[in-house]
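It should be emphasised that the depicted structure is a prediction, and the values quoted were computed from it without experimental measurement. Numbering starts at 1 and runs along the sequence shown.
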Amino acid sequence: MGRDTIADIITSIRNADMNKKETVRIVSTNITENIVKILLREGFIENARKHQERNKSFLVLTLRHRRNKKVPYRKTFHLKRVSRPGLRIYSNYQRIPKILGGMGIAIFSTSRGIMTDREARLEGIGGEILCYIW
């Protein structure tokens with residue numbers, strides 16, 4: 001039985017966000033590194049660095065939080081896993097969903113690598129919908 005690393009990183013980030021943690025440590029794989037690069041580029045996280053510990057690589061993510069502590073807590077962003085090992089969901093480039101009318105992003109695994117929904121539309125390719133972030 002394999003592990004779903006994408007669901008693990010989404011759950012880790014979501015739990016850290018709900019508990020107002022500033023950093024999250026996740027296992028480093030090629031897929032998680034590409035997803036973290038997208039999150040960093042789109043501005044959902046502040047910083048990411050690689051950490052080596054006993055022959056294992058980890059990514060340490062610094063989450064973006066609200067600066068004003070007096071305002072009641074609201075989640076910074078929402079993450080939803082779409083395609084999973086038991087039910088893969090694919091989309092061609094003409095039917096790529098827009099998340100919140102373009103305010104959020106969908107992360108796709110395509111034949112040209114992992115990319116956002118906007119990049120997939122521009123490239124004219126579809127693929128597996130990994131997750132939604134808004």
Side-chain angles (χ1 to χ4, degrees):
M1 184 166 132
R3 292 188 52 173
D4 188 7
T5 57
I6 299 168
D8 289 344
I9 66 166
I10 288 174
T11 303
S12 297
I13 293 171
R14 187 184 309 123
N15 289 342
D17 185 41
M18 286 191 305
N19 291 324
K20 303 177 192 174
K21 302 281 185 188
E22 291 186 12
T23 60
V24 179
R25 192 174 92 165
I26 59 173
V27 177
S28 177
T29 63
N30 289 335
I31 294 172
T32 57
E33 286 180 14
N34 289 330
I35 290 174
V36 166
K37 285 179 189 174
I38 290 174
L39 292 176
L40 193 60
R41 187 176 60 222
E42 295 289 329
F44 288 106
I45 58 175
E46 284 187 19
N47 192 12
R49 59 186 166 87
K50 204 164 191 176
H51 180 69
Q52 190 82 13
E53 187 176 302
R54 293 191 202 137
N55 299 331
K56 289 187 178 182
S57 295
F58 294 99
L59 291 172
V60 179
L61 310 178
T62 306
L63 300 180
R64 184 176 302 275
H65 284 291
R66 305 184 104 200
R67 301 289 181 227
N68 188 357
K69 302 286 185 185
K70 295 177 184 175
V71 177
Y73 178 71
R74 287 190 337 209
K75 284 183 167 179
T76 307
F77 54 93
H78 300 271
L79 298 121
K80 181 182 179 188
R81 176 80 158 118
V82 179
S83 183
R84 50 195 168 93
L87 178 65
R88 303 286 185 187
I89 298 177
Y90 298 93
S91 175
N92 61 8
Y93 78 96
Q94 296 155 339
R95 295 188 182 186
I96 294 176
K98 286 191 177 184
I99 311 305
L100 289 180
M103 298 293 289
I105 62 169
I107 297 180
F108 275 79
S109 175
T110 65
S111 59
R112 296 185 191 158
I114 294 177
M115 60 180 67
T116 64
D117 56 344
R118 284 179 238 134
E119 295 168 346
R121 268 190 221 97
L122 288 175
E123 296 269 339
I125 56 176
E128 181 183 356
I129 306 172
L130 298 178
C131 60
Y132 295 148
I133 302 169
W134 70 95

Can you see which heavy atom on [X] is nearest to which on [Y], and at what distance?
X	Y	value
Tyr93	Ile125	CB-O, 3.5 Å
Trp134	Leu100	CD1-CD1, 3.4 Å
Ser83	Glu128	OG-OE2, 2.6 Å
Ala48	Leu61	CB-CD2, 3.7 Å
Ile129	Ser91	CD1-CB, 3.9 Å
Lys50	Ser28	CE-OG, 3.5 Å

Fill in: Residues Ile13, Leu39; criterion side chain to side chain contact (heavy atoms under 4.5 Å, CB included); working and verdict
CA-CA 11 Å; Ile13 293 171; Leu39 292 176; 4.1 Å; yes
Are [X] and [Y] connected, step by step, through hydrophobic side chains (Ile, Leu, Val, Met, Phe, Trp, Tyr) whose heavy atoms are closer than 4.5 Å?
X	Y	value
Met115	Val82	no
Phe44	Ile31	yes
Tyr132	Ile107	no
Leu40	Ile35	yes

Is it the case that the side chain of [X] and the backbone of [Y] share a donor-acceptor pair, with hydrogens and angles ignored and the cut-off at 3.5 Å?
X	Y	value
Thr32	Thr5	no
Arg14	Leu79	yes
Arg64	Gly43	yes

Could you tell me whether the side chain of [Y] reaches within less than 4.5 Å of the side chain of [X], counting heavy atoms only?
X	Y	answer
Glu123	Thr110	no
Ile26	Asp8	no
Ile133	Ile99	no
Glu46	Glu22	no
Leu59	Ile9	no
Arg118	Ile105	yes

Practice prompt. Decide side chain to side chain contact (heavy atoms under 4.5 Å, CB included) for Phe108 and Leu130; before the verdict, give the C-alpha distance in whole Å, the side-chain angles of both, and the deciding distance to 0.1 Å.
Written response: CA-CA 6 Å; Phe108 275 79; Leu130 298 178; over 6 Å; no
Drop me the distance from [X]'s [atom1] to [Y]'s [atom2], to the nearest 0.5 angstrom.
X	Y	atom1	atom2	result
Arg81	Ile6	CZ	CD1	4.0 Å
Asn15	Lys21	CG	NZ	10.5 Å
Thr116	Ile96	OG1	CD1	9.0 Å
Thr23	His51	OG1	NE2	11.0 Å

